[in-house]
Every structure is written in C-alpha cells, then in structure tokens.
Amino acid sequence: MFFSFAASAAEELKESEQIHTHIEAGVVYCDVQALNHEAYFLNVLGAGSAMTVYWQFKVRKISEYWIDQAVVTVRLGRQVIPDLVTKRWLMRDLSGGVVRYTAEIEEAMMFLSEMNHAAVVDVSVLDANSKYWLEAKLYSYEGTLKEDGWWTSLINWGEKMGSVAINLNNDVVGESVVGVTDEQ
Amino acid sequence: MNNEVRPQHNLALPYRLLPFTFVVLLIIIAVAMWPSDNQYGSKFLSWLNISLLIAMAVSVFFVSLRKLTIDAAKAGSVLRAKLVAAMVVMVLVPAVILQVTANQVIEKGMDVWFDVRVDTLLDKAMALSQGFYARISADMDASMVQVAQDAELVNEITVVPIGSMVTSRHLSKLVQQYSWDKAELFDANERVIAAAQMAFEGQSLSELRSLPISDAGRLSVLLGRHTSEHEIRENGEYVVGYLPIYDQRRQIALLRAQVRLPDNVASSARSIETDYRSYRELERHRQGIKELFMQTLMMTTIFITGVAGLFALFFAKRLTTPVEDLAQALKQVESGEFDGFVPVRSDDELGSLAVSFNSMTERLKFNMETLRQTQDELTGALVSSRQRQYVLENLLAKLQSGVILLDDDGSIRLMNLSCKQLFALQDAEKRKTSILDFSEVHLKPVLEFYQTMQTQALESLQTEMVITYGLQSFKVLARGSRLGEKGSGLFTGWLLVFDDVTQLAEAQKHQAWSEVAQRLAHEIKNPLTPIKLSTERVQRRFRNQVDNVEVFDTCTSAVINQVERLQRLLADFSNLATLPKPKCTQVKISSLIKDMSELYSAYHNLTFEGLPEGEVYCDADQIRQVLINLIDNALATKKPVRVYVVVDKLGSSFFVQDEGAGIDENTAQHMFEPYFSTKKDGSGLGLAIAQRISEEHGGHLQLVSASSPTRFCMFLPHVFPQSSEEA
C-alpha cells in the first residue's frame, strides 16, 4: 500500500514538475509551470477573489560531505485582481510593475501558474567546476498581498514545483537550449 | 515501641495508569489532528495545537513519572495525586463534551450558512450586474457603429475650419442622441478639436477637463475599429468608447464618447460583487473555517485543561502540605522522635489539627521521659536482681552441700549440682520435677525425710541417713527448714540441705579408735612385758621341778604366745593410731612389681602380669604393705591370683584379683572397718590400714568386684594432692 502510494505520488509529481532551464546571454533562465494549481487558480479567480503568487528560485551548490550551500535566491511575484462586474481580470507583475487587463480567465490563470523566461542567476556567479541545483517553489496567497515580508514564509512554507541540476559544462552560452537533466 | 512495618500508601493501579492513559489520549488526539496535504487554509493552527498537545503529553508524562517514583515516598503524595486527577477530570470531561457539542453546532451552522438558495440568489444578482454593465457596453458599441456611418461629421471635420462651433454642435447632437455624457474629437496628435458635454447638477469644472487617451483608444486607432472600455474614476464608473474617423482611408480624427454609469446602480453592482466574492471566498474556505473553529476550540480546551492542571497542582499542594507535615511528624513520632513540630499554616480545621498534634506530642514527650526514667530504675533493679541471682546460683553451684528448694506441693524449684552428684541424679535430672519422684531405692531416705517434715508439719528437721548406691554407702547429714508463712503471699516451701559426712564420720571413727587403741596399748602393753618375762623365767626355773613337763611347757608357751600375740595386736593398734606420714618419692611401677614378684616367687598360683612403664609418687614401703596385705588375702583363697597395673592419664590402678568364692554382701559392707575380720586370728586392721594408706596418698582402695573373681583396686593419682601431703 505504501509503495503504491509512493509510486502514484511520484507520477503526480513528475506531471506537475514542468521545469526547465536554459542559458542565454550568460544568464540562467528558468521555465516552470504549476499545472496542478490551475484548477485552484480558476476556482479562486472565477469567484472574484484576487490571487497573488511568488515564484522562488533557489540555486544551491551541491556539497558532497556537507549541507548544500545556497548561492542565490530569486523571488518573482504576480497578481491577478478580478472584476466580476465587467468580467475582466487585472494582471499585475509585482516585480516589473506591468499591468494589463484580460477578459479571459484562462489567460489570467496561466499568468499565475506559469513563469517563463525567468532570469535566475548570472553564469559568472557560478563556478564551472561545481554542480548546482535549481529548485522552484510556489508561494500562493489569496488576496492582494502587497508586501512579501519574511513573516509570510512563517505561515506559508510554499510548495516545491520541481528541481533540476544545472550543468554548466554542457550548456552553450548565448543559445537557448535546455542544458539540464531532470532530477527524476 | 511499636516497630511494626506499616503498609505504604501506594496508589492503586488505576490511579497509576490514569496519567499515562491521559498521555496516550493526548498523543492520539495529536495524531488525529495531523494536517493532511489537501487541507484547506493555513496549517499553522493545526501545528500549534499539535505542539501544545505534545508539550502537554510530555509534561504530564514526566510529572507523573516523578510523582510515581520520587515523590511517591513523600507523605501526602497519594492524596495530592488524587486531588489533581479529580480536578483535571472535572475540567476535562465538560471541556470534551463542550468540544464535541461545539463541533456539531459548527457542522450544522455551516450547512445553514452555505444554503443553496443563498448561492443561487447571489449568482442571479451577479448576473444582473454583469448584464447591466454588458448592456451599457453594447449600447456604446452600437452607437459607435452608427456614428462611424455619419458622413456629415466627416465632412465637418475636413471642411469646417478648426475653431468654429459647427463640429461641437454636431457632437452635442450626438451626445443628446445617444445619451452620452461627453463626446470629444481628437486629431492625429491627440489634441482636442471639438467637444460636447451633457450638463448635470453638481458638475464640477474639473470634469470639463479633457483626459488623455487611454491604451484602449490607441489600440482602436491602431486596429482601425471602434473599441470600448470601463474606467473607474474617482467620481464614478464610466463606459468609454473610441472610434477612429476616416476620410477615404485616411484617419482624420478620433472620437471618444463616455457614458457615466448611474452611481446607485454602480454602487449596488459593486456591492453585489463584493458580497459575491466574500461569499465564494467563505464557501471555498468552508472546510478551513470549520477547522479554524475546531482548532480554536481545541486550543481553548487544551489551554483550560493545562491551566486547570496547574491550578489543581497548586491547590492540591496547598491542601496537602499540612497533611504532609502531619504525616511526616507522625512518622517521627512513630520512630520515637517527639521533637517534630507541625507548622500551623492556617486558621482552619487543618491548623487546629496541627495545634492539637503539637500539644499531643508535647504530652507524649513528657510521658515518654517519665517512662524512660521509670524504665531506667526498673532496669537498674533488674540488673541488681540478676546479679544477686547470679551470685546465688554460683554460690549454690560451688556449694559442696546439696541443696533442694521445694514448693509446698513438693515440686522441685531448685536443685544444685552438688545435690545431683550426691544422689547420682545427673541422668535422671529431667524426670525429677518433684521430690515425690525420688522413688529409687537409694533415694527413699530423702523422700522419707521430706514426708516426715511435711506430715508432722515441722519447721525444721535434722537427721543423718545412710545412702547406699551400688556397693557404696555414705552417710548424709540432712537438714530441712520451712520457708515462708502461708497466707503471706510470698514464697512458701521447703529448703533441704544435704551434706556428705561419710569422711567426717570415718575420721571421727578413726579418731575414736585411735584413742581407744592408744589407751589400750598404754594400759595393756605395760603389764604384758613383765608377764612374758615372768612366764619365761618360770619356764626356765621351774621346768625341771614340775611333774609333767609337757603340760608345763604347753601352758607356759601358750602364755608366752598369747602375750606375743597381744603385743602384735597392740603394735597394730599403735600403727593404726599413729600411722606415719608417707615419705613420697618417684617410684617406678616396674620396680614395685619386681619386688613383689621376688617376694612371692614361691607361690605358683600368683601371677604378675606385665611391667608397665611409669612412675608413682608414693611411699614405697607403705604401698608394698598395702599390696602385701591384698595379695595375702587373695592367696588365702588358695586359688589363682592375678596382679596387674593399669596406667591412665589420671593415675595408676593396682588390681589384685583372685578366683575365690567371692565376698558376701555383709563382708563387703564392713570389710574396711577396723577389727572386722573373717579370720580366726586376724586383727581386722589390715584392710583398714591399707585403705588409710591409700587415702593418705590421695587415692583410694575399693572392692571393685565382690563376686568371683573378686577384684580389689588401689588407685594412686599422678598428682599428689597438696592438702593430703600437708595433712
């Protein structure tokens, strides 16, 4: 029973882990999707509640005999505010400040559940002879959370959306290629 | 002092298991509250409650463990544990009932709050609001389509110079025609070239100011078709439409028209939206809200139970501390310490009890002191009494006289060792519990002595009795006295004292005989010599003158012989009376036996057996005299005679044994008395002298076997008694 549960959990995790990295112009970018959150986001947005998410990307240097060392942590926020009367959804990028309306709830949902071309770290920060691990976590809050303080992590520990190893030796700088191997 | 071990007041097993059952219950509740992955809302309260439960379980576990191990030995711990358990149960039971009831109420309340009718009503209201907004937008779009076909407006824009009011008048017509609030025309550089506005009450000048073109307007220009959008401004909500106006495919202007939504309708729509959002949010968090209520209630229950437990501990400690003090003091009293003082902590019943206890211990201490003094005095008296008893017992044990202490009924209360030895009672000691048990033949005189005193009710009696035990007879001086008086309440009975006076009687007898012998020797010896000399003279002088010489010789010889016999008899008397002291030296036994063997070498029926090593400390001449006397008596039987010596660690025993006819009882009884003889010419002094010589050497001479073979034994000790030597 335990093994069957573990197997199904692994499959579910594999489906939900849509995470890829690529290096472009000396910067490591990440594409990640939270497919298992789409229904939840649709439900919340359809009910007229605002939704705020923070995508956290953490790059850790892999240590053989010690705890992995965190190299960089990046948090990117997005927010959708529904207007049920006019059937519009305001999409706001909290990191860049860009605001846009959409009349399609699916687009608003994807705005929250997908993070494409997110710049994580400059390659110059990383050591080519070391191994690195990129982990993506999703912190989702109902409502218009305007400040991403340290206290928010106390009540919301986030959900791990996936992790991949960054292999700098196999990546070609300047081209958009997937230079990673999935963890699973 | 009572040293009885009291049973420990241990808690019964159910009470011991109660806290651990509570711990298990808390852990089960914590596990049941473990948040699942699909749990709605925050898991913070769940983890907080679980942490509280585990903390409480750990605290209860260790406190219980301590109470059951370390504090269990303390007085009052059982009462305290029971009080705490009772108070916790008293709080816990209603709290659990309240928790269960509240859960049910919340469950039912949720069903009421989220009723389907409310849900439907909100959906309809929301649809109504959306329909209103959609209608306004649709009207705007429709009006834009119609204006786009207005050729007159295009003509006026292209022909009429800017600044004339023609275009503005046309816009006013359009405003009135489509019920717009405002209409504005912008050129390609987004400058206002004409404008018209519906006047209304409360209109401010700022509303006359033209706003910049929004992204939707630019999009309209870019796309080349009309667009509309909703704008929420400070003074209200608007539906704004944009229409690019073309003249032969050349954009000449951009028309912007706006309709202000009625404030009351917009407000109601927004209110509906807000309510709808709130309701959906609540509905979405229905499970979370329920869990929030339950977790909060659970936390309250845990908090109340914890506080109740702490309060119970505090209250129980206050309540049981006086009891603990009392129990501790009682233990001290039980162990004999009366210095324990119970502090009076309150004025209630427990305080009164403490005061009474302190008073009681004071009295007990005083009584115990008195008792201890009395005990010391009694102990002193007892020690003195025991010392006296010890002295008396030692005295009786060392006493040569036999002592018997009898009760009134003749029961033997005390009999000393000398008495037992005197009457040969060592073996029969256990059977003699009363003087009436003196049923043996040799003890009959003793019984008769007691019976005489008892029957005649004599206060005291003294008499001599002869005790015959086996072949030995000895004289005993018996003295009896009555002790105590009847009715005095003290001891009453008889004290009998027995002394062996055999030797004393013998000595007296010897003394008497010696005196007689000396008197006889003195009175008879003097005339015997002249008689003998005269008879010898008569024999020598008148022998030739008598007619019958034979008769004369016979008569004179008889006189002479009898005189000589009398002289020998007198010499024996003299010897008996004045026996010299033995002059002792170390004499080899073998030389003694050799001398005797040579002396009796002519007697073939006499056998000397063995020549044992060893020496005896004796006067050799006197011992030879004894042996000669014994051997002569044995040879007189004309039967084989054996002489042998046995040496042991005590001394040497010389045995003379003959196989004669034996010795009758009367002879055996009196043979050692002087002048007792079975021979016609015997003086009867031989054995008496022999016995005296033996006794003078510290030994004895006795008849070992009266029947055939008759055997005499002379025992001489290795150690010569000083008293005898001095005597």
Side-chain angles (χ1 to χ4, degrees), chain A residues 5-6 8-10 12-13 16 34 36-37 39-52 79-92 97-103 105 108-109 137-145 150-161, chain B residues 35 37-48 119 122-123 125-138 140 214-216 219 227-232 237-240 261 265-286 288 292:
Chain A
F5 171 76
S8 62
E12 188 179 347
L13 189 65
S16 64
N36 56 345
H37 283 64
Y40 170 59
F41 289 158
L42 280 176
N43 186 23
V44 174
L45 297 176
S49 294
M51 194 78 212
T52 305
Q79 191 178 72
V80 173
I81 301 173
D83 186 349
L84 288 181
V85 178
T86 59
K87 288 188 178 179
R88 296 180 307 168
W89 286 268
L90 175 68
M91 300 181 294
R92 176 179 290 154
V98 178
V99 176
R100 188 164 63 88
Y101 274 104
T102 179
I105 190 171
M109 178 269 295
K137 288 181 83 173
L138 176 64
Y139 296 81
S140 56
Y141 306 92
E142 289 187 22
T144 54
L145 183 71
W150 57 268
W151 58 89
T152 56
S153 59
L154 289 180
I155 58 173
N156 188 346
W157 298 342
E159 290 182 64
K160 185 178 175 183
M161 289 293 110
Chain B
D37 291 336
N38 55 358
Q39 177 176 317
Y40 289 95
S42 173
K43 299 174 184 177
F44 178 73
L45 277 178
S46 299
W47 289 119
L48 185 63
D119 192 279
L122 275 174
D123 281 342
M126 196 67 229
L128 196 64
S129 300
Q130 288 174 340
F132 174 75
Y133 274 69
R135 172 78 179 276
I136 299 295
S137 295
M140 178 60 74
S214 67
D215 291 340
L219 184 64
T227 60
S228 63
E229 65 173 352
H230 287 272
E231 285 188 10
I232 301 172
E237 292 189 32
Y238 294 84
V239 175
V240 181
L261 299 177
V265 176
S267 174
S268 298
R270 291 299 171 187
S271 178
I272 290 169
E273 183 194 17
T274 305
D275 294 340
Y276 181 85
R277 184 188 300 119
S278 300
Y279 180 80
R280 291 299 177 199
E281 194 173 338
L282 288 174
E283 189 182 35
R284 193 167 59 254
H285 294 101
R286 174 177 178 168
L292 176 69

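All chains are named by letter (A, B, ...) in the order of the sequence lines, taking the proteins before the strands, and each is independently numbered beginning at 1.
- Of residues 128-138 of chain B, those residues lying under 4.5 Å from chain A by any heavy-atom pair are B:S129, B:Q130, B:Y133.
- What you find for A:E142 and B:R284 is that their closest heavy atoms are OE1-NH2, 2.7 Å.
- Looking only at side-chain heavy atoms (C-beta outward), B:E273 and A:D83 come within less than 4.5 Å of each other.
- Nearest heavy atom pair, residue A:S49 against residue B:E281, reads OG-OE1, 3.7 Å.
- Considering every non-hydrogen atom in both A:L84 and B:M126, the closest pair reads CB-CE, 3.4 Å.
- Shown here for A:T86 and B:R270, the closest heavy-atom pair between the two residues is CG2-NH2, 4.0 Å.
- Looking at A:E159, there are no atoms closer than 4.5 Å to chain B (heavy atoms on both sides), in backbone or side chain.
- Among B:H230, B:E283, B:E237, the residue making the largest number of heavy-atom pairs under 4.5 Å with chain A is B:H230.
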